[in-house]
Amino acid sequence: MLDTILQQLIIGLTNGMVFALVALGYTMVYGILEFINFAHGDVFMLTSFLALTLVGLFDLQGASGASLAGGLCLVILTCALFGAGLNYVIDRLVYKPLRKAPKLAPLVSAIGVSFILQNLGLFWGGMPLKVFGGGNQAAAPKAFPDILPAHNLLGAGSGLTLMPKDVLVIGASLVVMAALYGVVRFSKLGKAMRATAQDPAAARLMGIDVDQVIGATFLVGGGLAGFAAVIYSLYINTIHYQMGYQNGLYAFTAAVVGGIGNIPGAVLGGLLLGLVRAYSDQFIGAQWQPAVLFGILILILIFRPSGLLGSTAREKV
Amino acid sequence: MAALWQRLQKQGGIELLIRVVLLLYPFFPVLDWAVQSLTGQGIRLDRQLVNIFIFGLLALALNLQVGYAGLLQLGIAAFFAIGAMTTGVLTVEKYPFQLGFWGAILVAPVMAGAAGLLLGAPTLRLRGDYLAIVTLGFGEVMRIVLLNLENITDGPRGLNPIAEPWLPVFVKDTIGAEKAIYAFALFALVAAVVLLRLLERSRLGRAFVALREDELAAACMGLDPARIKLLAFAGGAALAGLAGALYATNLTTTAEPNTYDFNYSVMVLCCLIIGGLGSLRGALMGALLLMGFDNVVSPLLTRVLQKAIGGDSNFVMASFSNWRWIIFGAALVLMMRLRPEGLWPSRRIAKELHEPPAEVA
């Protein structure tokens, strides 16, 4: 029993890290634009398809040692850049012209973009590549090869399993989050981001190029989602063209739980949500997972819409 | 006659076509019957049209919530599902109620409306985008619950068979049950349009719009925002429940719960955005366009495409139905950018969106 609980703790924390990385993208965009970027989860999904394509191209499945490490670094870098670029382009093409429109407009557009990206994911999965099973079943989930060595770090006889991939997920995520925190807290760009989030008009008066800051926010958010996509694929070993929507909503829940617009809050929310998901899968049943997580989302929004770390926010009139 | 022709010409080609199609709707079963007796094979347009009518009802329901009252709701499929499920529980052999179609059609809107009240009461005070997320979450929870409570809902199989509506013998003998559901769906749609048209001009309808435009100002004029929002929300939910009851009866099953997913809710929203938020005509035209594309145009184009590339191709892009979400998604994006008031907007909203906004200090 104790072993089960500890095992789920490991699973929950690793899952939570992925949620936290995606939640950061939601929370940063929301903090500045007050708009739910529905397409964010699908940027994550599409990047995971890129990751799988690259793994196939580099032939990482059989690799080991230096070639595996080098290839993996290259995959992570390319995917982060792809996610960042995609998110940035979406913002410039779709959301930017709607900055002054009623709030419904960017939200509806984001739903539209989300569906376009999902459809592109479906097409991508139908490409005639070996890693996609020849592309004959575009809509089927795709197996992501287990390229990391799979042995238990705690020894073969232990009741707990801690694999290299768990350590990689948690360690790499912590490094990335620390870097993000450093940028937002100490760099000039970070200062501009915080100022813009607080009051865009005042920030503009102080000489901050608000458009550039928003662009940078989308870049950073997309990069985090791209990184999360690689981590997630390595960890879960299955990707699907509809996974962006669900994981995106989970991550959004995490952002709300932590207090939307709040960067440490998103990490805290992600970890909490990862744990809830792991324990509910274990003790309630995986088929109830969406109901449990969305139930939490509804309850939080009703009873504490400002989240755990957020201050009480009022709708700007 | 000449005057009518002139009027039609003034309204332009597309408008004309739409009017003709709308006028022909009630006669489709007759047309179908005529074609069948002449050629031995029917065109079965009435079957497609029942779906369009039901979808149109759903679009009207969402229009009441999003278009009139400005409550962005992304979970209309949940109330649709409640209507269908209620019909299933009240009519199938598994349960002791056996109320039949006529009982179910009365109870289903009540149940869906009650669910709307229950969800709306605590959540309608939330800000717009949070309300969107809560309703989305509610829709997903509903789908998962229906899927997993197998001993109540029969899970993925859905409750079936739902008996056809009871009809007086002479009606049944002359038109048959299938045509009866067509007639009934058409009647429900027309009745809904008439009632909503009356509502638009009533005190309550004007209160919806006032609230959508400026909640603070509306409250200052003595309106009770909480109560009015709840009425719009529950009203829309009830109408969606009615559509659900018709849907289940038409299909003779409550369908797989995954039918009522987020994508379905977005399809309905898509109708409104394309047709024009807050516009009855727009909602109906949106439903016609979307369902028409999905059920008629898309399979047709797929066949043409398959023929062009020779034989059955397994390639994902060779089937037109695989393009539908790109098309619907692009429609949402482009409409928001180029014509946010929709293709057939209500006059008020079109005017608002094309006037420069007043500067607020």
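Residue numbering restarts at 1 for every chain, and letters A, B, ... go by the order of the sequence lines.
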Asker: Do you know which of B:N263, B:T123, B:L147 has the most heavy-atom pairs under 4.5 Å to chain A?
Answerer: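 Highest number of pairs under 4.5 Å: B:N263.
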Asker: Using only heavy-atom distances, determine whether the side chains of A:Y30 and B:D129 contain a donor-acceptor pair under 3.5 Å.
Answerer: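 There is such a pair (donor and acceptor under 3.5 Å, judged by atom type) between the side chains of A:Y30 and B:D129.
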Asker: Answer with side chain, backbone, both or neither: which region of B:V266 has an atom nearer than 4.5 Å to a non-hydrogen atom of chain A?
Answerer: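 The side chain, not the backbone.
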Asker: Check this for me: A:R92, atom CZ, are more than 12 non-hydrogen atoms of other residues, nucleotides or ligands nearer than 6.0 Å?
Answerer: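 For A:R92, atom CZ is crowded (more than 12 foreign heavy atoms under 6.0 Å).
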Asker: Give, as side chain, backbone, both or neither, the part of A:L301 having an atom under 4.5 angstrom from any heavy atom of chain B.
Answerer: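 Both parts, backbone and side chain.
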Asker: If you look at every heavy atom in B:G137 and A:I298, which pair is closest and at what distance?
Answerer: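 Of all heavy-atom pairs spanning B:G137 and A:I298, the closest is C-CD1, 3.8 Å.
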Asker: Could you tell me which non-hydrogen atom of A:I116 sits nearest to which non-hydrogen atom of B:A330, and how far apart they are?
Answerer: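 Closest heavy-atom pair between A:I116 and B:A330: CD1-N, 3.5 Å.
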Asker: Does the side chain of A:S109 come within less than 4.5 Å of B:R337's, by heavy atoms?
Answerer: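 Result no, sub-4.5 Å side-chain heavy-atom pair not found.
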Asker: For side-chain contact (heavy atoms from CB on, under 4.5 Å), just list the numbers for B:W325 and A:L117, CA-CA rounded to whole Å, side-chain angles, deciding distance to a tenth of an Å, and then say yes or no.
Answerer: CA-CA 9 Å; B:W325 290 110; A:L117 295 184; over 6 Å; no
Asker: Side chain, backbone, both or neither: which part of B:R125 has a heavy atom under 4.5 Å from chain A?
Answerer: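 Just the side chain, heavy atoms under 4.5 Å.
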Asker: Side chain, backbone, both or neither: which part of B:F328 has a non-hydrogen atom closer than 4.5 Å to chain A?
Answerer: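 Neither the backbone nor the side chain of B:F328 comes within 4.5 Å of chain A.
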Asker: Please look at B:L277 and chain A and tell me whether the side chain, the backbone, both or neither of the residue comes under 4.5 angstrom of a heavy atom of that chain.
Answerer: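 Answer is side chain: those atoms of B:L277 sit under 4.5 Å from chain A.
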Asker: Against chain A, label B:A132 side chain, backbone, both or neither, depending on which of its atoms sit under 4.5 Å from a heavy atom there.
Answerer: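 The side chain, not the backbone.
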Asker: Counting only non-hydrogen atoms closer than 4.5 Å, does A:I302 touch chain B with its backbone (N, CA, C, O), its side chain (CB onward), both, or neither?
Answerer: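 Looking at A:I302, backbone and side chain both touch chain B.
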Asker: Kindly check if the number of other-residue, nucleotide or ligand heavy atoms within 6.0 Å of CD (A:Q137) is above 12?
Answerer: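 No, not enclosed.
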Asker: Can you tell me which portion of A:V113 sits under 4.5 Å from chain B's heavy atoms? Options are side chain, backbone, both or neither.
Answerer: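 Its backbone and side chain both get close to chain B.
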Asker: Would you say that A:F294 contacts B:F138 through its side chain, given a criterion of any heavy-atom pair below 4.5 Å between the two side chains?
Answerer: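 No, side chains not in contact.
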Asker: Given the options B:L334, B:I327, B:V141, B:I326, which has more heavy-atom pairs under 4.5 Å with chain A than any of the others?
Answerer: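 Of the candidates given, the most pairs with chain A belong to B:I326.
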Asker: Counting only non-hydrogen atoms closer than 4.5 Å, does A:L98 touch chain B with its backbone (N, CA, C, O), its side chain (CB onward), both, or neither?
Answerer: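 The side chain, not the backbone.
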Asker: Quick one: what part of A:L293 sits under 4.5 Å from any heavy atom of chain B, side chain, backbone, both or neither?
Answerer: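 For A:L293, no heavy atom lies under 4.5 Å from chain B.
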Asker: Return the option, out of A:F38, A:F303, A:F35, with the maximum number of heavy-atom pairs under 4.5 Å with chain B.
Answerer: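 Highest number of heavy-atom pairs under 4.5 Å: A:F38.
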